[in-house]
Amino acid sequence: MSQPPPDQALALIRRFRSELVTEDELLRRLEEAAAKGERLRVKFGIDPTFTDVHLGHSVPIRLLRLFQDFGHLPILLLGDATARLGDPTGRNDQRPPLSKEDVEHNAATYLEQIGQVLDLNPKRCELRRNSEWFGAMDFFDSLRLLGRGTVARLLERDDFRARIDQSQPIHLHEMMYPLMQGWDSVMLKADVELGGNDQLFNLHMGRLLQEREGQRPQVCLTTPLLLGTDGRKMSKTYGNHVPLNGEPEDVYGKVMSLGDEPMVDWFRLATSLEGGEIEAVLASHPREAKGRLAWEIVAGLQGAEVADAAAEKFTNQFKHKQLPADIPEVVVSERSLALPNLLQVAGLCQSTSEARRMIRQGGVRIEGEVEHDMGREVALSAEGDGTLVQVGKRKFARIKQG
RNA sequence: GGGGAGAUACCGAAGUGGCCAAACGGGACGGACUGUAAAUCCGUUGGCUCAGCCUUCAGAGGUUCGAAUCCUCUUCUCCCCA
């Protein structure tokens, strides 16, 4: 796609838009860029703090891709300096301080996953790291930057406020976070910055700092947050995320476990279907619609063939109630074990107490038959496929002696 | 530097000498239902050689027949004053 007329571009951008400060400014910049034949510098920053990029992150990246397709210049900023600062939302206060090595390792994985959505070709994308400038700052530079923020301004943030109300500690360096992100915009001379809606405050800080430095303040464009499969904010901490580099069957399965209502958002934000198509799909049976959604998402990441295969596997396993194709095989040394111990040893239950609970509740099957006998000795053989044991709906194992 | 509050199971939060393996809520898990999901209902949610036993209430000691609860010290957090 090459430089569509600005108003058309704007229309396409609206699909991903949550907040836009301001639409007029963005339109003007698009027009100017088109008139001068220049590319807008569109910044998106991500901190390599985990090894997985998930579908929620992919929303602003898809928007970034859109700008790229329009012929503008995406600037992918790896926050290798900010990553070492920790999580300013305080949601995950267990996060250990990251070493340089951790950050580098994560960064490499990130790029691989982001590459599934964005064209990382150096001609079409600028890749930067903020250690480039933060690494060079001395203490007085830092103080100068810190002086740009005020406590009152930071306390306006709900997440800080909540932490104070809950008597949780807020460390001083955490207040640096928005300032650092804002400073990134200054250093990159960003025209536009993209981010999830939770980033709005930080993006505004970029505007502020740019203005103070005599730059034209960036346009802030946030995307809606994609909710996780359980309806909460998508986050690895909650385990409700869809990893971009997940196994296709897992991604497919995760999407299928989504509720009905969020489907619209997922279609809009995580697939390439046109508005009209989405409506048509949603008009069908919700299960069909969800299947289509899962297919589109997998296909978007890994291609149509992979998506077909994932869909087929899923259908076999759940719709036709067939056993999953890849039941893990567990080898134990004993020739025979009491059932609770067997379940524990095979890793199907955490403890024998839990195993007993599962048996009592009728959640345990041996060779497909529900087993209620708590004390049953299960004989194991080294021959054949092993004994098929199932706990609940999802946990399977073939247990062999050996 | 001074004063006050607090640390309870996956999370939040009751409990202030025995009836506490610890209320309640959330989450998670199992079952029913269903569309494979959600919602709903029922149940479970420290461990074990499981109708019994063992180890838990920040950590270490102590008082007591008996401590999550009382005392001492330690570690960590929050708030206020300087």
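We name chains A, B, ... by the order of the sequence lines, and we start the count at 1 in each one. Below, all heavy atoms of this structure are taken into account, side chains as well, without hydrogens, waters or symmetry copies.
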Quiz item: Quantified in whole Å, what is the P atom distance between nucleotide rC10(B) and nucleotide rA58(B)?
Solution: 13 Å

Exercise. Would you mind reading off the distance between R292(A) atom CZ and rA37(B) atom C1', rounded to a whole angstrom?
Key: 19 Å

Quiz item: Whole Å only: how far is the CG atom of L343(A) from the P atom of rC50(B)?
Solution: 15 Å

Self-check item: Side chain Q361(A) and base rG31(B) donor-acceptor under 3.5 Å
Solution: no

Quiz item: Distance check: side-chain N/O of K393(A) vs OP1/OP2 of rG31(B), anything under 4.0 Å?
Solution: yes

Exercise. Could you let me know what rA5(B) is paired to, Watson-Crick or G-U wobble, both distances under 3.5 Å, or none if it's on its own?
Key: rU77(B)

Exercise. Please measure how far the P atom in rC11(B) lies from the corresponding atom in rC57(B), and state the result in whole Å.
Key: 15 Å

Practice problem: Starting from P on rC48(B), measure out to CD on Q350(A) and report it in whole angstrom. | Solution: 10 Å

Practice problem: Indicate yes or no: at least one non-hydrogen side-chain atom of M263(A) is less than 4.5 angstrom from one of K290(A). | Solution: yes

Exercise. Between rA37(B), rU44(B), rC48(B), spot the one nearest the side chain of S353(A), thanks.
Key: rC48(B)

Quiz prompt | Candidate nucleotides rU49(B), rC48(B), rU45(B), ranked by approach to the side chain of R357(A) - the nearest | solution = rU45(B)

Quiz prompt | C1'-based separation of rC19(B) from rG4(B) [nearest Å] | solution = 35 Å

Practice problem: Classify the side chain of T352(A) versus the base of rC50(B) as yes if they form a donor-acceptor pair under 3.5 Å and no if they do not. | Solution: yes

Exercise. Quick one: look up who rU55(B) pairs with, Watson-Crick or G-U, both distances under 3.5 Å, and put none if it's unpaired.
Key: none

Exercise. Determine, for E31(A) against R29(A), whether the closest basic-nitrogen to carboxylate-oxygen distance falls under 4.0 angstrom.
Key: no

Exercise. May I ask you to evaluate whether N341(A) reaches the phosphate of rC48(B), defined as a side-chain N or O under 4.0 Å from OP1 or OP2?
Key: no

Quiz item: Taking the P atom of each, how far is rA68(B) from rG1(B), in whole Å?
Solution: 35 Å

Quiz item: Are any of the side-chain nitrogens in R398(A) or E329(A) under 4.0 Å away from the carboxylate oxygens of its partner?
Solution: no

Self-check item: Who pairs with rU16(B) - Watson-Crick or G-U, where each distance is under 3.5 Å
Solution: none

Practice problem: May I ask which nucleotide in the shown strands pairs with rC70(B), Watson-Crick or G-U wobble, both distances under 3.5 Å? | Solution: rG62(B)

Self-check item: Pairing of R292(A) and E296(A) as salt bridge, 4.0 angstrom limit
Solution: yes

Quiz item: Rounded to the nearest Å, what distance is computed from the NE2 atom of residue H372(A) to the P atom of nucleotide rG31(B)?
Solution: 11 Å

Quiz item: Would you call E211(A)-R207(A) a salt bridge at under 4.0 Å N-O?
Solution: no

Self-check item: From rG47(B), rC50(B), rG30(B), nucleotide with atom closest to M358(A) side chain
Solution: rG30(B)

Quiz prompt | Given I13(A), L118(A), D191(A), the one that forms side chain to side chain contact (heavy atoms under 4.5 Å, CB included) with F67(A) | solution = I13(A)

Self-check item: Nearest-nucleotide 5' precedence on RNA chain B, V364(A) against S351(A)
Solution: V364(A)

Quiz item: Hey, which of these two, E354(A) or K290(A), hits RNA chain B nearer its 5' end, going by closest nucleotide?
Solution: K290(A)

Quiz item: Across all strands shown, which nucleotide pairs with rA39(B) by Watson-Crick or G-U wobble geometry, both distances under 3.5 Å?
Solution: none

Quiz item: What integer distance in Å separates Q344(A):CD from rC29(B):P?
Solution: 20 Å

Exercise. Hunt down the Watson-Crick or G-U wobble partner of rC50(B), both distances under 3.5 Å, from any strand shown, or write none.
Key: none

Quiz item: Quick one: E371(A) CD to rG30(B) C1', roughly how many Å, whole number?
Solution: 16 Å

Quiz item: Separation of I359(A) atom CD1 from rG31(B) atom P, in whole Å?
Solution: 13 Å

Exercise. Using whole Å, report how far CE of M263(A) lies from P of rA38(B).
Key: 13 Å

Practice problem: Determine the Euclidean distance between corresponding P atoms of rG6(B) and rC50(B); express it in Å to zero decimal places. | Solution: 43 Å

Self-check item: Side-chain donor-acceptor pair present, D308(A), W295(A), cut-off under 3.5 Å
Solution: yes

Exercise. Please state the C1' separation for the pair rC70(B) and rC65(B) - nearest whole angstrom.
Key: 16 Å

Quiz prompt | Watson-Crick or G-U wobble partner of rC33(B), both distances under 3.5 Å | solution = none

Quiz prompt | Separation between the C1' atoms of rA67(B) and rA82(B), rounded to whole Å | solution = 39 Å

Quiz prompt | Watson-Crick or G-U wobble partner of rU44(B), both distances under 3.5 Å | solution = rA28(B)

Practice problem: Between rC71(B) and rU63(B), how far apart are the P atoms? Round to whole Å, please. | Solution: 15 Å

